[in-house]
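Note that this is a predicted model, so its numbers are computed, not measured.
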Amino acid sequence: MDVDRLAAAFERHILNPREQIRGRRSWSDGMTLQTNLGWYDFEPADWLVARELWVEEAVRVVLSSPIDHVPVPTYGLIVPTKGEVLFVNKVDVARELGLRLGKEPDPLAYAELLAEFYSVPDIDGPVVYAPAVSESTRSGWLVREVSQILEKFPFLDPALMEPPSVHTTTDHVELTFSSCHYHEAFRGSVDVLRWKVFRGPAGEVRWVRDYVAKCVSRP
């Protein structure tokens with residue numbers, strides 16, 4: 001893990017004016033930065049985008065706060081082989097990644113990033129703070145297979161979800177998929193969203209997402 005490069009990206013994109021870095025610990029495949037708000041843990045992410053030839057590594061950053069029962073902010077950093085580290089939570093960056101649809105990343109890799117970081121209610125930007133209910137829980141999940149999501153949330157109606165599909169022509173890509181966002185409302189609830197992502201011939205990228213269910217709680 002390129003800890004110096006990641007620490008610089010953290011200061012540029014994530015550190016807010018109320019924070020000061022007080023310490024740093026690093027090892028071969030991880031790093032922790034301490035600020036006055038808590039510990040930020042940097043761990044390799046298992047996203048598909050990490051397999052792309054232009055990507056050196058992909059990292060998930062999670063704030064470990066001393067305050068209990070508050071949403072845990074999560075962040076995504078993609079370290080390219082050349083150029084600046086990409087901050088996935090920044091809406092402009094996420095849309096620029098969409099310009100690679102049908103090239104790099106592959107559509108499923110892009111859906112995976114949108115599902116984890118952009119399944120939250122407020123995605124107007126410029127930066128989306130994807131909250132999770134705990135340090136070990138993701139903010140959002142891509143529905144790759146409906147059966148896999150039902151293992152996590154067996155109380156969901158499988159008819160609400162569908163696996164990803166891609167339609168590609170020489171100058172157009174249309175990606176559809178479902179995602180889930182788990183949050184604390186009503187003692188643990190799940191929102192289910194259905195997405196359509198378009199990349200047109202002029203290079204424009206559009207997201208359309210609809211809530212097919214909100215606050216589905218465990219029985």
Side-chain angles (χ1 to χ4, degrees), residues 1-50 55-80 83-94 97 112-142 152-153 179-191 193 214-215 217-218:
M1 183 172 284
D2 191 336
V3 293
D4 291 332
R5 201 172 171 190
L6 287 165
F10 172 84
E11 291 191 50
R12 183 166 60 252
H13 296 299
I14 300 174
L15 190 71
N16 70 56
R18 297 180 293 117
E19 287 185 279
Q20 293 181 343
I21 296 178
R22 294 179 173 176
R24 178 172 117 178
R25 294 183 303 186
S26 60
W27 49 97
S28 60
D29 61 350
M31 174 174 68
T32 298
L33 289 176
Q34 183 187 18
T35 76
N36 50 303
L37 296 185
W39 293 91
Y40 289 86
D41 295 321
F42 293 63
E43 296 183 349
D46 57 353
W47 305 321
L48 293 173
V49 72
V55 175
E56 185 174 311
E57 58 186 333
V59 177
R60 182 184 289 107
V61 183
V62 179
L63 172 60
S64 175
S65 171
I67 304 173
D68 294 329
H69 306 296
V70 297
V72 178
T74 57
Y75 307 93
L77 297 174
I78 297 174
V79 183
E84 290 190 358
V85 175
L86 304 178
F87 183 34
V88 178
N89 300 65
K90 190 173 181 181
V91 176
D92 287 348
V93 170
L97 281 169
E112 188 177 50
L113 294 175
L114 291 181
E116 178 163 346
F117 292 98
Y118 290 85
S119 293
V120 296
D122 183 7
I123 61 168
D124 291 335
V127 174
V128 172
Y129 299 94
V133 298
S134 72
E135 298 164 28
S136 58
T137 303
R138 298 186 183 187
S139 177
W141 284 268
L142 171 66
K152 295 180 181 294
F153 309 116
S179 69
C180 296
H181 169 57
Y182 181 64
H183 51 91
E184 288 281 18
F186 304 107
R187 293 177 297 178
S189 301
V190 179
D191 297 335
L193 300 89
K214 283 188 176 183
C215 295
S217 300
R218 296 181 185 275

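Taking the side chain as every heavy atom from C-beta outward, Asp2 and Glu57 approach each other to under 4.5 Å. With contacts defined as side-chain heavy-atom distances shorter than 4.5 Å, the pair Leu193/Ser179 qualifies. For the pair Val62 and Tyr40, the minimum side-chain heavy-atom distance is 4.5 Å or more. Residues Val72 and Val133 form no side-chain contact, since every pair of their non-hydrogen atoms from C-beta on lies 4.5 Å or further apart. Two residues are said to be in side-chain contact when any heavy atoms from C-beta on lie closer than 4.5 Å; Arg138 and Glu116 meet this criterion. The side-chain heavy atoms of Phe87 and Val127, taken from C-beta on, include a pair separated by under 4.5 Å. Between Ile78 and Val88, the closest side-chain pair of non-hydrogen atoms falls below 4.5 Å. Under the 4.5 Å side-chain criterion, counting only non-hydrogen atoms from C-beta, Val79 is not in contact with Val55.
The line from NE2 of His181 to NZ of Lys214 is 11.0 Å long, rounded to the nearest 0.5 Å. Taken to the nearest 0.5 Å, the CD1 atom of Ile14 stands 9.0 Å off from the CG atom of Leu33. Rounding to the nearest 0.5 Å gives a distance of 15.5 Å between OH of Tyr182 and OG of Ser119.
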Val120 vs Tyr129, side-chain contact (heavy atoms from CB on, under 4.5 Å): CA-CA, chis, key distance, verdict | CA-CA 9 Å; Val120 296; Tyr129 299 94; over 6 Å; no

Audit row: Leu113, Leu97, side-chain contact (heavy atoms from CB on, under 4.5 Å) steps and yes/no | CA-CA 10 Å; Leu113 294 175; Leu97 281 169; 4.1 Å; yes

Let me see the working for Arg60 and Asp46 under side-chain contact (heavy atoms from CB on, under 4.5 Å), right down to the final yes or no.
-> CA-CA 9 Å; Arg60 182 184 289 107; Asp46 57 353; 4.0 Å; yes

Stepwise side-chain contact (heavy atoms from CB on, under 4.5 Å) check, Arg22 with Asn36 | CA-CA 7 Å; Arg22 294 179 173 176; Asn36 50 303; 3.3 Å; yes

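Considering every non-hydrogen atom in both Val59 and Met1, the closest pair reads CG2-CE, 4.0 Å. When all heavy atoms of Ile123 and Val91 are compared, the closest pair comes out as O-CG2, 3.8 Å. Annotation for Val190 and Cys180: closest pair CG1-CB, 3.9 Å, computed over non-hydrogen atoms.
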Compile the donor-acceptor pairs under 3.5 Å between side chains in residues 3-12 and protein atoms, sequence neighbours left out, one pair per line.
from, atom 1, to, atom 2, distance (Å)
Asp4, OD1, Arg24, NH1, 3.4
Asp4, OD1, Arg24, NH2, 2.8
Arg5, NH1, Pro80, O, 3.1
Arg5, NH2, Pro80, O, 2.9
Arg5, NH2, Gly83, O, 2.6

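Classification of the Phe117-Trp47 ring pair by plane angle, with boundaries at 30° and 60°, yields perpendicular.
There is a side-chain donor-acceptor pair under 3.5 Å between Thr32 and Asp41. For Ser139 and Thr74, the side-chain atoms include no donor-acceptor pair closer than 3.5 Å.
Geometric assessment of Arg25 against the ring of Trp39 yields a positive cation-pi assignment under the 6.0 Å and 45° thresholds.
For Tyr118, the ring pair (Phe, Tyr, Trp, His ring centres under 6.0 Å) test picks out Trp207, with sequence neighbours left out. Residues passing the side-chain contact (heavy atoms from CB on, under 4.5 Å) test with Lys152 are Trp141, sequence neighbours excluded.
Remark: of the listed residues Cys215, Pro121, Pro71, Cys215 is the sole one forming a side-chain contact (heavy atoms from CB on, under 4.5 Å) with His183.
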